[in-house]
S.K.: 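Sharing a structure below in structure tokens format, with a few things to ask.
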Amino acid sequence: MNSSDHQESARSKETGGPRLFSDFGKLAYDLLRYRINQSFNISTSSDIGLTLTPYAARRKKLSKAGVTAEYNLEDTHATIKVDVNPELPISTTLTMSRTWPFMKNTVLVKFPDYNSREFQILHEVQYFHKRAALAMTLPLLRSPLIQLTATVGTAHLAFGMETVYNTSSRQFLMFDAGISMTSLNCEGSIILENKGDSLRASYIHYFDHERKVAAVAVIGRTLSRKENAFAVGASWIMDDLTTIKARFDSHGKLVTVLHHKIKPKSYFTISGEFEPKALDKTPEIRLGLSLVL
């Protein structure tokens, strides 16, 4: 969970109200969402808030390398990424956020945008109340799309929806809706998306109050094609330095990751992928190293 997620969770707890719709099932998906990459990066920081991170990663036959420069100053965050990708070698993101009681106001500038390859400016407003949470994203340049999310309920039971409206065609391009249930040791969600064609359900359970041992399951079904997909996993935080995760999905792949912290913000990872139904295939093992100097 990044710093912005911590801030949103803190504001939800302050109001005692529900979270944003985008957070429904987020803990479950984050526990399952990881890849096995062979990677290496080194970060150096300065006193003025500038961080430089050269990186290199390889997954199967795909390789990427480059350098990322990040600058943080109070409520302003700027990121410039130079990649060896010839199609999009340079990308820049500038985020300016201002937080008031129960509200967060953010202006996001992307150049170029990964989808349109053009200059894009977005304005996002988030509002938290003890019985509701609202978020709206407005394009300030060219794009006619407006994104709106709304949640009503409490911190333990909430109903939410998300939609994208095209002001040019005056049509709703998408509409998702769902329900989220949260207690001390578990969290579950059911989301209907893709205009009612897809159904996703997630559940995460913690076996101790410190949340060091967790199990998670995510099930999805595409109604039009009558296709099912699932993923189950577990996480074990052994101590302050070592975390082990495992995942098995409907494609028959078993993925495990060992994450060991060398020092604050520096860690070493060992990941592996194995297919129990294809014993003739050699398991893939990958090593990762991230250092902060």
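Because the structure is predicted, anything quoted here is derived from the model rather than measured. Numbers for residues simply follow the sequence, beginning at 1. What's counted below: heavy atoms across the whole structure, side chains too, no hydrogens, waters or symmetry copies.
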S.K.: Look at the side chain of Ser290 and the backbone N and O of Ser266, then say whether any donor-acceptor pair between them is shorter than 3.5 Å.
M.R.: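 Not a single qualifying donor-acceptor pair exists.
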S.K.: Between Lys226 and Arg221, is the side chain to side chain contact (heavy atoms under 4.5 Å, CB included) condition met? List the steps.
M.R.: CA-CA 7 Å; Lys226 297 181 179 180; Arg221 178 173 176 80; 3.6 Å; yes
S.K.: Would you say CD1 of Ile190 has more than 12 non-hydrogen atoms from neighbouring residues, nucleotides or ligands within 6.0 angstrom?
M.R.: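 Open: at most 12 neighbouring heavy atoms sit under 6.0 Å from CD1 of Ile190.
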S.K.: Any chance the side chains of His129 and Tyr127 put a donor and an acceptor closer than 3.5 Å?
M.R.: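 Judged by distance alone, the side chains do not pair up.
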S.K.: In sequence, state the C-alpha distance, the side-chain angles, and the governing distance for Trp100 and Asn105, and then conclude on side chain to side chain contact (heavy atoms under 4.5 Å, CB included).
M.R.: CA-CA 8 Å; Trp100 293 289; Asn105 191 36; 3.5 Å; yes
S.K.: Using only atom types and a distance under 3.5 Å, with no angle test, would you say the side chain of Ser235 pairs donor to acceptor with the backbone of Ala214?
M.R.: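 Checked: no pair found.
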S.K.: If you look at every heavy atom in Val152 and Pro18, which pair is closest and at what distance?
M.R.: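 Answer, listing the atom of Val152 first, then Pro18: C-CG, 4.2 Å.
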S.K.: Looking only at heavy atoms, what is the nearest atom pair of Pro283 and Phe274, with distance?
M.R.: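 Minimum heavy-atom separation between Pro283 and Phe274: CG-CD1, 3.7 Å.
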S.K.: Considering only heavy atoms from C-beta outward, does the side chain of Leu287 approach that of Ile270 to under 4.5 Å?
M.R.: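 Yes - at least one pair of side-chain heavy atoms lies under 4.5 Å apart.
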S.K.: Measuring from Thr99:OG1 to Met103:CE, what's the distance to the nearest 0.5 Å?
M.R.: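 Reported value, rounded in 0.5 Å steps: 11.0 Å.
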S.K.: Hey, does Phe175 have a side-chain heavy atom less than 4.5 Å from the side chain of Glu162?
M.R.: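 A side-chain contact is absent here, since even the closest heavy-atom pair is not under 4.5 Å.
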S.K.: Is the shortest side-chain heavy-atom distance between Tyr267 and Thr243 below 4.5 Å?
M.R.: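 Side chain of Tyr267 against side chain of Thr243, heavy atoms only: no contact under 4.5 Å found.
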S.K.: In Å, rounded to the nearest 0.5 Å, how long is the span from CD1 of Ile42 to OG1 of Thr53?
M.R.: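 Between atom CD1 of Ile42 and atom OG1 of Thr53 there are 10.0 Å.
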S.K.: Taking Asp176 for the side chain and Asn194 for the main chain, is one N or O donor matched with an acceptor at less than 3.5 Å?
M.R.: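 Yes: the side chain of Asp176 pairs with the backbone of Asn194.
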S.K.: How many angstroms lie between atom CD of Glu124 and atom CG of Leu138, to the nearest 0.5 angstrom?
M.R.: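 Reported to 0.5 Å precision, the distance equals 9.5 Å.
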S.K.: Got more than 12 heavy atoms from elsewhere within 6.0 Å of CZ, Arg211?
M.R.: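 Atom CZ in Arg211 is packed in, count exceeds 12.
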S.K.: Contact between Met238 and Ile244 at the side-chain level, heavy atoms closer than 4.5 Å - yes or no?
M.R.: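 Yes, side chains in contact.
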S.K.: Restricting to non-hydrogen atoms, name the atom on Phe268 and the atom on Gly288 that form the minimum distance, rounded to 0.1 Å.
M.R.: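 In terms of heavy atoms, the two residues are closest at CD1-O, 3.3 Å.
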S.K.: Does Asp239 have more than 12 heavy atoms from other residues, nucleotides or ligands lying within 6.0 Å of its CG?
M.R.: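 Yes, the 6.0 Å shell around CG holds more than 12 heavy atoms from other groups.
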S.K.: What's the shortest heavy-atom distance between Glu273 and Val255, and which atoms?
M.R.: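 Smallest interatomic distance, heavy atoms only, reads CG-CG2, 4.1 Å.
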S.K.: Check the orientation of Phe21 and Phe24. Use parallel for under 30°, tilted for 30 to 60°, and perpendicular for over 60°.
M.R.: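 Plane angle between 30° and 60°, so tilted.
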S.K.: As a quick check of understanding, evaluate side chain to side chain contact (heavy atoms under 4.5 Å, CB included) for Thr93 and Val109, giving each step before the final call.
M.R.: CA-CA 6 Å; Thr93 301; Val109 181; over 6 Å; no
S.K.: Do the non-hydrogen side-chain atoms of Thr68 and Tyr55 ever get within less than 4.5 Å of each other?
M.R.: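 Contact flag for Thr68/Tyr55 side chains = yes.
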S.K.: Looking only at side-chain N and O atoms, does Ser180 offer a donor or acceptor that is under 3.5 Å from a partner on Ser189?
M.R.: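 No, Ser180 and Ser189 have no side-chain donor paired with an acceptor closer than 3.5 Å.
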S.K.: Determine whether Tyr71 and Thr76 make a side-chain contact, defined as any pair of heavy atoms from C-beta on separated by less than 4.5 Å.
M.R.: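 When only atoms from C-beta onward are counted, Thr76 and Tyr71 do not touch, as no gap falls below 4.5 Å.
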S.K.: Is any side-chain heavy atom of Arg19 closer than 4.5 Å to one of Thr182?
M.R.: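 Touching, per the 4.5 Å side-chain cut-off.
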S.K.: Before giving the answer on side chain to side chain contact (heavy atoms under 4.5 Å, CB included), spell out for Phe128 and Leu20 the whole-Å C-alpha distance, their side-chain angles and the decisive distance to 0.1 Å.
M.R.: CA-CA 8 Å; Phe128 295 87; Leu20 294 174; 4.0 Å; yes
S.K.: Roughly how far, to the nearest 0.5 Å, is the CG atom of Leu223 from the CG atom of Asn228?
M.R.: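 The CG atom of Asn228 sits 9.5 Å away from the CG atom of Leu223.
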S.K.: Rounded to the nearest 0.5 Å, how far does CD of Glu70 lie from CD1 of Ile80?
M.R.: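 Those atoms lie 10.5 Å apart.
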S.K.: Do Arg200 and Glu193 have side chains that approach each other closer than 4.5 Å (heavy atoms only, starting at C-beta)?
M.R.: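 Yes, side chains in contact.
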S.K.: Identify the heavy atoms of Thr167 and Ile146 that sit nearest to each other, and give their distance.
M.R.: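 For Thr167 and Ile146, the tightest heavy-atom pair comes out as CG2-CD1, 3.6 Å.
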S.K.: Which pair of heavy atoms, one from Leu145 and one from Pro139, lies closest together, and at what distance?
M.R.: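 What the structure gives for the nearest pair is O-CD, 2.8 Å.
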S.K.: Working to the nearest 0.5 Å, report the span between NZ of Lys26 and CZ of Arg33.
M.R.: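 Reported value, rounded in 0.5 Å steps: 7.5 Å.
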S.K.: Salt-bridged, Arg225 to Glu227, with N to O below 4.0 Å?
M.R.: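 Salt bridge between Arg225 and Glu227, a charged N being under 4.0 Å from a carboxylate O: yes.
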S.K.: Decide whether His260 and Thr242 meet the rule of one side-chain donor and one side-chain acceptor closer than 3.5 Å.
M.R.: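 Checked: His260/Thr242 side chains pair up, N/O donor to acceptor below 3.5 Å.
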S.K.: Near His156 NE2, under 6.0 Å, is it more than 12 heavy atoms from other residues, nucleotides or ligands?
M.R.: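 Atom NE2 in His156 is not crowded, with 12 or fewer foreign heavy atoms closer than 6.0 Å.
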